[in-house]
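Reading through the structure tokens given below for one structure.
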Amino acid sequence: MPLEGMLGRKLGMTQVFDDKGTVHAVTVVEAGPMVVTQVKSPERDGYAAIQVGYGERKRSNKPMRGHFKKLGDFRLLREFRVRGDGEYTVGDKVGVELFDEGDFVDVTGVSRGRGFAGGVRRWSFRGGPKTHGQSDRHRAPGSIGAGTTPGRVYKGQKMATHMGAAQVTVRNLRIVAKDEAKGLLLIEGPVPGATNATVTVKHTTKHSTGKK
């Protein structure tokens, strides 16, 4: 495990069959390619890591062009820790070869934005009664505070608010298959983010089989 993870692009979901004929719902992630733009060493920086560029943009400003050293104009810059015997130099490309079939990974992305949502959708409130004169209170939140004591509304009450568009990490997902020619990872289960969203795939550090 020379590098802890990499960036990728979520392409969508599909299903695949294994050798036993069992169907698996998988998310297809285009892993990389990433280009090493900077190498950090324990002697100089206090830790071992690499900075990578991912994606393309039309143009960068002058300081970033100098930093990129004519490697390209990248949309994103991220840093990943280097572990083990991995050695990288500026200009190296990192792709799907970082993972193997059967590896367990943690996938981080920004969840789909749902806009401003009420209590029923956001927090699964059941709503009010539909009879006994409740003409328009079916999805109302109801009372949010007490009376004399404490005489105020507690902070952190579950109310109607913005839903989604938050960083989410899904852990312990298994890589069912990979396509090195196309640079694709087939990860079992759903991962956060909309189609074409950028996700971070890392080797999991808290693997659990789910058995007790």
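All figures in this text were calculated on a predicted structure; none of them were measured in a lab. Count residues from 1 along the sequence.
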A side-chain contact here means heavy atoms from C-beta on lying under 4.5 Å apart; do [X] and [Y] qualify?
X      : Y      : value
Lys202 : Val105 : no
Val28  : Leu185 : no
Arg114 : His162 : no
Pro141 : Met159 : no
Val176 : Glu101 : no
Arg171 : Phe104 : no

Treat each ILVMFWY residue as a node, draw an edge where side-chain heavy atoms are under 4.5 Å apart, and state whether [X] and [Y] are in one component.
X      : Y      : result
Val39  : Val82  : yes
Leu77  : Val90  : yes
Leu173 : Leu184 : no
Val170 : Met163 : no
Trp123 : Val153 : no

Residues, nucleotides or ligands: over 12 heavy atoms within 6.0 Å of [X] [atom1]:
X     : atom1 : result
Arg65 : CZ    : yes
Lys93 : NZ    : no
Glu56 : CD    : no

Looking only at atom types and distance, does a side-chain atom of [X] sit under 3.5 Å from a main-chain N or O of [Y], one as donor and one as acceptor?
X      : Y      : answer
Lys10  : Val191 : yes
Gln51  : Thr37  : no
Glu97  : Gly95  : yes
Asp45  : Pro42  : no
Lys130 : His138 : no
Thr27  : Gly189 : yes
Ser111 : Ala166 : yes

Would you name the heavy atoms of [X] and [Y] that are closest together and state the gap between them?
X      : Y      : value
Pro150 : Ala146 : CD-CB, 3.4 Å
Val96  : Asp179 : CG1-O, 4.4 Å
Ala31  : Met6   : C-CE, 3.6 Å
Gly5   : Met34  : O-CE, 4.2 Å

Candidate pair Gln38 and Tyr88, rule side-chain hydrogen bond (donor to acceptor under 3.5 Å, both in side chains), full reasoning: CA-CA 9 Å; Gln38 185 180 4; Tyr88 297 92; over 6 Å; no
Candidate pair Val29 and Val199, rule side chain to side chain contact (heavy atoms under 4.5 Å, CB included), full reasoning: CA-CA 8 Å; Val29 175; Val199 296; 4.0 Å; yes
His203 ring center within less than 6.0 Å of Phe99 ring center: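 Aromatic pair counts; centres sit under 6.0 Å.
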Aromatic centroids of Phe74 and Tyr54 separated by under 6.0 Å: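 So the answer is no for these two rings.
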Audit row: Phe80, Thr200, side chain to side chain contact (heavy atoms under 4.5 Å, CB included) steps and yes/no: CA-CA 10 Å; Phe80 294 97; Thr200 303; 3.8 Å; yes
Test log, rule salt bridge (charged side-chain N to carboxylate O under 4.0 Å, His left out), inputs Lys182 and Glu30: CA-CA 8 Å; Lys182 297 181 180 179; Glu30 183 184 54; over 6 Å; no
Steps toward side chain to side chain contact (heavy atoms under 4.5 Å, CB included) verdict (Ile50, Val52): CA-CA 6 Å; Ile50 63 169; Val52 295; 3.7 Å; yes
Glu188/Arg174 salt bridge by N-O under 4.0 Å criterion: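 Salt bridge flag = yes for Glu188 with Arg174.
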Worked check of side-chain hydrogen bond (donor to acceptor under 3.5 Å, both in side chains) between Thr169 and Asp106: CA-CA 7 Å; Thr169 298; Asp106 299 336; over 6 Å; no
Side chain to side chain contact (heavy atoms under 4.5 Å, CB included) assessment of Thr161 paired with Arg122: CA-CA 8 Å; Thr161 181; Arg122 179 71 176 85; 3.7 Å; yes
Stepwise side-chain hydrogen bond (donor to acceptor under 3.5 Å, both in side chains) test for Arg75 and Thr198: CA-CA 11 Å; Arg75 184 169 59 89; Thr198 301; 3.1 Å; yes
